[in-house]
Amino acid sequence: MTLPLLVVTAVAAEAEAVRAGADPDHVVVETVGVGPAAAAAGTARLLASAGASASASGRGSGSASGNGPYRAVVSAGIAGGFVGRAPVGSVVVGVRSIAADLGAETPDGFLTVDELGFGTSVIDADPALVKALTDALPTAVPGDVVTLSTVTGTTATAERLARSYPQAVAEAMEGYGVAVAAAGLPFVELRSISNPIGPRDRAAWRLKEAFAALSTASGALWKACG
Ligand SMILES: O=C(O)c1cccc(C(=O)CC[C@H]2O[C@@H](n3cnc4c(=O)[nH]cnc43)[C@H](O)[C@@H]2O)c1
């Protein structure tokens, strides 16, 4: 049996954009809400209910962790792009999803949860999925995607993040949460860039362009990840 791919988005408009491009026979697209907490809870619920219904029907679980039954989990949607790294309208393939505000503020600067000794703020995407997606989307920008609960709105924060995460190409609000919930299943983050990271100018977000890029990129999902 071929297991489908689970694609998780924050809002309905992102889900519609993914559905417009993705193979409906193999790609399940669900909306879970904005932010890492909603993303983790929603993804965990989807995986648990899929696993439970598979057990009840005797089809077994989709993975060693009991999650499933999905082939892989993708966090998809729009994102802010780091200036000079991922322009508006481009597509980003996440190599790592990083919880960039999970830690502690100190007079000497921010300490990550790793530095505090309480786990990790960095989750690697599945290398095979990253390669397959970047092969299928040669113009996509590979790099880290930082997950934040607060959208960056000043030049100072944008510059701090760019310095702290030199390999980061985009900022969004869900990837790390989805990755935590996907534990045991292959995971990757796929984003299209709607706005540059920096001073807040919501009216300037290029939503139409970003949703169109997300639809096009989603056409590669099953080919690359199936
Ligand atoms: O208008 C706002 O300020 C606003 C605040 C929160 C969410 C939104 C959305 O449109 C939700 C969609 C989704 O977009 C991702 N996103 C897009 N650009 C950025 C960004 O620059 N920084 C962080 N996240 C961004 C995010 O994943 C949202 O869930 C609008």
Side-chain angles (χ1 to χ4, degrees), residues 6-21 29-44 46 73-102 110 121 123 125 140-141 143-165 167-182 187-218:
L6 175 63
V7 179
V8 179
T9 72
V11 299
E14 293 170 320
E16 277 167 34
V18 173
R19 284 193 197 104
V29 188
E30 300 282 359
T31 298
V32 291
V34 171
T43 305
L46 290 166
V73 180
V74 181
S75 173
I78 59 172
F82 280 93
V83 174
R85 300 181 189 173
V88 170
S90 66
V91 168
V92 159
V93 176
V95 175
R96 304 187 296 175
S97 296
I98 303 177
D101 55 9
L102 184 60
F110 177 75
S121 55
I123 300 184
V141 183
D144 294 341
V145 181
V146 293
T147 301
L148 294 162
S149 294
T150 303
V151 174
T152 296
T154 65
T155 302
T157 302
E159 289 178 352
R160 178 180 58 75
L161 288 169
R163 270 195 311 277
S164 302
Y165 301 98
Q167 294 174 63
V169 293
E171 151 187 311
M173 303 174 78
E174 294 81 24
Y176 177 84
V178 176
V180 168
F187 164 82
V188 70
E189 188 162 357
L190 179 69
R191 296 272 170 187
S192 62
I193 304 302
S194 52
N195 57 283
I197 300 169
R200 181 172 171 76
D201 183 4
R202 182 67 170 78
W205 284 26
R206 298 286 177 82
L207 294 173
K208 205 172 156 201
E209 200 176 336
F211 288 138
L214 187 59
S215 295
T216 304
S218 296

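All ligand and atom numbering here is 1-based and tracks the order in the structure.
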J.: May I ask you to check whether over 12 heavy atoms, not counting those of R19, lie within 6.0 Å of atom CZ?
T.: yes
J.: Which option wins on minimum heavy-atom distance to atom 5 (C) of ligand 1: T150, V146, V151?
T.: V151
J.: Counting C-beta onward and ignoring hydrogens, is there a side-chain heavy-atom pair between E14 and T31 closer than 4.5 Å?
T.: no
J.: What atoms of ligand 1 come closer than 4.0 angstrom to any heavy atom of V34?
T.: 29 (O)
J.: Quick one: which ligand 1 atoms are inside 4.0 Å of a heavy atom on R191?
T.: 27 (O)
J.: Check each atom of ligand 1 against the heavy atoms of A79 and keep those under 4.0 Å away; list them by number with element.
T.: 16 (N), 17 (C), 18 (N), 19 (C)
J.: If the contact criterion is a heavy-atom separation under 4.0 Å, does N195 count as touching ligand 1?
T.: yes
J.: Just go through A203, S194, G80, A38 and tell me whose heavy atom is the nearest to atom 20 (C) of ligand 1.
T.: G80
J.: Who gets closest to atom 26 (C) of ligand 1 by heavy atom: R200, E189, E171, M173?
T.: M173
J.: Looking at E171, R85, Q167, which hits side-chain contact (heavy atoms from CB on, under 4.5 Å) with D144?
T.: Q167
J.: Which option, L207, V145, L148, I78, owns the non-hydrogen atom nearest atom 14 (O) of ligand 1?
T.: I78
J.: Donor-acceptor pair, S90 side chain versus P87 backbone, under 3.5 Å?
T.: yes
J.: If every non-hydrogen atom of A79 is compared with every non-hydrogen atom of A170, which pair is closest and at what distance?
T.: CB-CB, 4.2 Å
J.: Give the residue and atom name of whichever protein heavy atom lies nearest to atom 11 (C) of ligand 1, and the separation in Å to one decimal.
T.: V11 CG1, 4.0 Å
J.: Could you list which atoms of ligand 1 come closer than 4.0 Å to a heavy atom of E174?
T.: 26 (C), 27 (O), 28 (C), 29 (O)
J.: Give the numbers and elements of all ligand 1 atoms closer than 4.0 Å to a heavy atom of A10.
T.: 29 (O)
J.: Any nitrogen or oxygen of T152, main chain or side chain, under 3.5 Å from a nitrogen or oxygen of ligand 1?
T.: no
J.: Nearest protein heavy atom to atom 4 (C) of ligand 1, by residue and atom, and its distance?
T.: R202 NE, 4.0 Å
J.: Could you please spell out the steps behind the side-chain hydrogen bond (donor to acceptor under 3.5 Å, both in side chains) verdict for R191 and S75?
T.: CA-CA 8 Å; R191 296 272 170 187; S75 173; 3.3 Å; yes
J.: Could you measure the distance from the CG atom of L207 to the CG atom of L214? Nearest 0.5 Å is fine.
T.: 11.5 Å
J.: Measuring from the heavy atoms of G77, does anything fall under 4.0 Å of ligand 1?
T.: no
J.: As a quick check of understanding, evaluate side-chain contact (heavy atoms from CB on, under 4.5 Å) for E174 and V34, giving each step before the final call.
T.: CA-CA 7 Å; E174 294 81 24; V34 171; 3.9 Å; yes
J.: Return the CD1 to OG1 distance between I197 and T155, rounded to the nearest 0.5 Å.
T.: 12.0 Å
J.: For ligand 1, which is the ligand I care about here, please tell me if W205 has any N or O atom under 3.5 Å from one of the ligand's N or O atoms.
T.: no
J.: Decide yes or no on side-chain contact (heavy atoms from CB on, under 4.5 Å) for V141 and V91, but give the supporting numbers first.
T.: CA-CA 6 Å; V141 183; V91 168; over 6 Å; no
J.: Taking only heavy atoms of E14, which atoms of ligand 1 are found under 4.0 Å from at least one of them?
T.: 12 (C), 13 (C), 14 (O)
